[in-house]
Amino acid sequence: GEVRGGAGSGKSDSQVCLNTSLLESRLDTALCERNAVYKHFRSTGEMAPPRIHRVSGGTFDAMRKVQLGRGASPSQARTPRVVREEKLLEIMQGSVEVQGETDTKGE
């Protein structure tokens, strides 16, 4: 089934939260099926399940501007798969939209 939601979709925040939970579950299942190491760490409890957080529009553009500002060429300024740089992490965490009770800005 298709999962939709978010700003302008006509769905309430609670519907979006349910969809986010469904996506998290499907992502976890797919990762376990495709990656034996991931499956091992999930089965032993050494790794928590994935969490999906919706971020505000413009978040990734802001991250790109930081990368370009520190001297990265346009071809190097990509959306990171893993955020290690403190400034980029601050941008990402500060852009998490409230999703009912799933908002984790304070964590």
Side-chain angles (χ1 to χ4, degrees):
E2 190 171 328
V3 180
R4 293 180 180 242
S9 70
K11 296 196 179 235
S12 71
D13 280 341
S14 63
Q15 288 172 307
V16 172
C17 289
L18 289 174
N19 291 342
T20 300
S21 296
L22 177 62
L23 287 173
E24 289 171 346
S25 175
R26 288 183 177 178
L27 176 60
D28 189 40
T29 299
L31 288 169
C32 284
E33 289 172 353
R34 290 168 178 80
N35 188 311
V37 174
Y38 177 87
K39 183 177 182 177
H40 167 76
F41 283 118
R42 286 289 295 120
S43 68
T44 62
E46 294 178 68
M47 182 182 288
R51 299 280 313 265
I52 297 173
H53 301 281
R54 184 175 54 187
V55 295
S56 303
T59 299
F60 296 104
D61 289 335
M63 293 172 70
R64 181 176 171 79
K65 285 179 185 175
V66 168
Q67 293 172 319
L68 293 171
R70 68 164 195 250
S73 73
S75 64
Q76 293 173 321
R78 300 185 181 122
T79 302
R81 291 187 177 103
V82 177
V83 180
R84 293 186 177 103
E85 185 179 332
E86 189 67 30
K87 181 62 178 169
L88 298 181
L89 186 58
E90 289 172 9
I91 291 169
M92 176 112 12
Q93 289 177 330
S95 299
V96 172
E97 294 183 355
V98 175
Q99 299 180 15
E101 295 184 28
T102 64
D103 178 33
T104 59
K105 280 187 179 180
E107 289 183 1

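Keep in mind that the numbers below use all heavy atoms, side chains included, and drop hydrogens, waters and symmetry copies. Residue numbers start at 1 and run along the sequence shown. Being a predicted model, the structure only gives us computed values, none of them experimental.
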Handout entry: Asp28 and its salt bridge (charged side-chain N to carboxylate O under 4.0 Å, His left out) partner, picked from Arg42, Arg34, Lys39
Key = Arg42
Taking all non-hydrogen atoms of both residues into account, name the closest pair between [X] and [Y] and its distance.
| X | Y | result |
| --- | --- | --- |
| Val37 | Asn35 | N-OD1, 3.0 Å |
| Pro50 | Tyr38 | CD-OH, 3.1 Å |
| Glu85 | Val66 | OE2-CG1, 3.9 Å |

When rounded to the nearest 0.5 angstrom, what is the spacing between [atom1] in [X] and [atom2] in [Y]?
| X | Y | atom1 | atom2 | value |
| --- | --- | --- | --- | --- |
| Glu86 | Gln93 | CD | CD | 7.5 Å |
| Glu46 | His40 | CD | NE2 | 5.0 Å |
| Arg70 | Leu88 | CZ | CG | 6.0 Å |
| Arg64 | Ile91 | CZ | CD1 | 13.5 Å |
| Ile52 | Leu22 | CD1 | CG | 9.0 Å |
| Leu68 | Met63 | CG | CE | 12.5 Å |

Handout entry: N/O donor-acceptor pair under 3.5 Å between Ser56 side chain and Ser95 backbone
Key =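 Answer holds: yes.
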Handout entry: Check: Ser25 main-chain N/O paired with Thr29 side-chain donor or acceptor under 3.5 Å
Key =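 At least one qualifying donor-acceptor pair exists.
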